[in-house]
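Take a look at the structure below.
Numbers here are sequence positions counted from 1. The shown structure was predicted, so the numbers you read here are calculated from the model rather than taken from an experiment. Any value given below was found using the heavy atoms of this structure, including those in side chains, with hydrogens, waters and symmetry copies removed.
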Amino acid sequence: MNDEVPDEGDFDAGRRRGEFDNITPEDFIHGTGRGNPPGWLGPADIDRARSQMPIAYVEIVPVRTDDLGRIAQIGLLLRVADDGSIERTLITGRVLFHETLREAIARNVAKDLGDIALPVLPQSLQPFTVAEFFPTPGMSEYYDPRQHAIALCYVVTIAGDCKPQDETLDVEWVDPHGDLMETFLAQMTNGHGDIVRKALAWAGV
């Protein structure tokens with residue numbers, strides 16, 4: 001509540017009232033042009049948060065479908081990893097403060113595949129699986145050395161043209177029944193290949 005008077009122990013007692021009065025949902029996707037919206041975390045703050053609490057993510061399996069809505073191709077990304085190596089992975093990213101899941105899906109697709117990828121967002125926000133990534137190897141099939149992340153996983157149809165950007169070098173579209181599928185899945189590390197397999201099973205492929 002913008003006009004409530006915070007108690008001294010409130011988590012936001014030091015925050016100026018009304019910070020969000022002139023902020024729109026689009027500002028949290030594209031920025032305000034005046035710097036980051038209130039509540040954004042800088043590098044030091046996000047590193048501290050990652051060391052102390054689970055972080056919410058969306059993990060997106062991009063697909064192209066045929067005229068009957070069946071999955072015809074799976075999109076697998078080539079990306080530069082934090083250590084400078086090249087990895088094959090999926091579209092993945094944090095859910096930002098004050099951002100809905102739909103906005104997080106749309107923003108992360110645009111970040112990796114460009115603004116004209118035209119994702120067809122799912123009607124239901126029920127994920128096909130939840131992948132829990134741990135920073136300790138062996139705790140689960142999902143591993144992220146940076147953090148404990150809880151990823152809601154979605155299959156998203158891509159209807160437009162893809163222009164990989166940011167850290168994404170390329171996207172390769174693979175026939176889920178083709179010979180290259182297993183080869184590419186074997187190249188995906190830290191459990192992302194398992195997410196693709198679960199997506200295909202969920203879709204009945």
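Atoms CD and CG, from Glu87 and Leu76 in turn, are 12.0 Å apart once rounded to the nearest 0.5 Å. To the nearest 0.5 Å, the span separating CD1 on Ile60 from OG1 on Thr92 amounts to 7.5 Å. In this structure, CD on Glu172 lies 12.5 Å from SG on Cys162, to the nearest 0.5 angstrom. Separating the OG1 atom in Thr65 from the CD atom in Gln73 is a distance of 10.0 Å, to the nearest 0.5 Å. Expressed to the nearest 0.5 Å, how far NZ of Lys111 lies from CD of Glu167 amounts to 7.0 Å. To the nearest 0.5 angstrom, Ile86 atom CD1 is 5.0 Å from Leu169 atom CG.
The backbone N or O of Ala49 sits nowhere less than 3.5 Å from a side-chain atom of Gln147 that would complete a donor-acceptor pair. Formation of a donor-acceptor pair under 3.5 Å by the Arg107 side chain with backbone atoms of Val95 is not found in this model. No side-chain donor-acceptor contact under 3.5 Å links Arg70 to the backbone of Ala203. Looking at Thr89, its side chain never comes within 3.5 Å of a backbone N or O of Arg79 through a donor-acceptor pair.
In this structure, the side chains of Phe133 and Glu59 come closer than 4.5 Å at one or more pairs of heavy atoms. Thr168 places none of its side-chain heavy atoms less than 4.5 Å from the side chain of Leu78. Counting heavy atoms from C-beta outward, Tyr143 and Thr189 have side chains that stay 4.5 Å or more apart. Looking only at side-chain heavy atoms (C-beta outward), Ile91 and Pro62 come within less than 4.5 Å of each other. Within the 4.5 Å cutoff, the side chain of Pro176 has heavy atoms near those of the Ile71 side chain. In this structure, Val156 and Pro122 have side chains that are in contact, with non-hydrogen atoms separated by less than 4.5 Å.
Under a hydrophobic-cluster definition in which Ile, Leu, Val, Met, Phe, Trp and Tyr are linked whenever side-chain heavy atoms come within less than 4.5 Å, directly or via other members, Trp202 and Leu101 are assigned to different clusters. In terms of hydrophobic clustering, with Ile, Leu, Val, Met, Phe, Trp and Tyr side chains grouped at heavy-atom distances under 4.5 Å, Val61 and Ile150 are assigned to different clusters. Criterion: ILVMFWY side-chain heavy atoms under 4.5 Å apart, direct or through other members. Under it, Ile105 and Val171 are part of a common hydrophobic cluster. Trp173 and Leu180 are assigned to two separate hydrophobic clusters, defined by single-linkage of ILVMFWY side chains at heavy-atom distances under 4.5 Å. Placement of Phe184 and Val155 within a single hydrophobic cluster is found when ILVMFWY residues are connected by side-chain heavy-atom separations under 4.5 Å, directly or transitively.
Taking both residues in full, the closest heavy atoms of Met181 and Val196 are given as CE-CG1, 3.6 Å, listed atom of the first, atom of the second, then distance. Among all heavy-atom pairs drawn from Pro145 and Pro135, the shortest one is O-CB, 4.0 Å.
Within 6.0 Å of CG on Asp66 lie more than 12 heavy atoms contributed by other residues, nucleotides or ligands.
Not counting sequence neighbours, the partners of Glu141 by the salt bridge (charged side-chain N to carboxylate O under 4.0 Å, His left out) test are Lys198. Here Asp67 pairs with nothing under the salt bridge (charged side-chain N to carboxylate O under 4.0 Å, His left out) rule; sequence neighbours left out. With sequence neighbours excluded, no residue forms a salt bridge (charged side-chain N to carboxylate O under 4.0 Å, His left out) with Arg64.
For the side chain to side chain contact (heavy atoms under 4.5 Å, CB included) with Val63, the lone residue among Leu200, Ile158, Thr157 that qualifies is Thr157.
Under the 30°/60° scheme for interplanar angles, the aromatic rings of Phe134 and His148 are found to lie parallel.
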Open item on the list: Please evaluate residues Met188 and Leu90 with respect to the criterion side-chain contact (heavy atoms from CB on, under 4.5 Å), reporting the C-alpha separation (whole Å), side-chain torsions for both, the decisive distance (0.1 Å), and the verdict.
Closed with: CA-CA 9 Å; Met188 303 180 77; Leu90 298 170; 3.8 Å; yes
Open item on the list: Determine whether Arg197 and Asp194 satisfy the following criterion, salt bridge (Lys or Arg N to Asp or Glu O under 4.0 Å), listing intermediate values before the conclusion.
Closed with: CA-CA 5 Å; Arg197 289 188 176 91; Asp194 180 68; 5.7 Å; no
- [ ] Start with the C-alpha gap between Val58 and Tyr154, add the side-chain angles, then the distance that decides, and say whether side-chain contact (heavy atoms from CB on, under 4.5 Å) holds.
- [x] CA-CA 8 Å; Val58 289; Tyr154 297 93; 4.2 Å; yes
- [ ] I would like to know whether Glu103 and Leu96 meet side-chain contact (heavy atoms from CB on, under 4.5 Å); could you show each step before the answer?
- [x] CA-CA 9 Å; Glu103 290 166 348; Leu96 300 181; over 6 Å; no
Task: Intermediate values then yes/no, side-chain contact (heavy atoms from CB on, under 4.5 Å), Glu99 and Arg94 - done: CA-CA 10 Å; Glu99 181 179 53; Arg94 287 190 294 124; over 6 Å; no
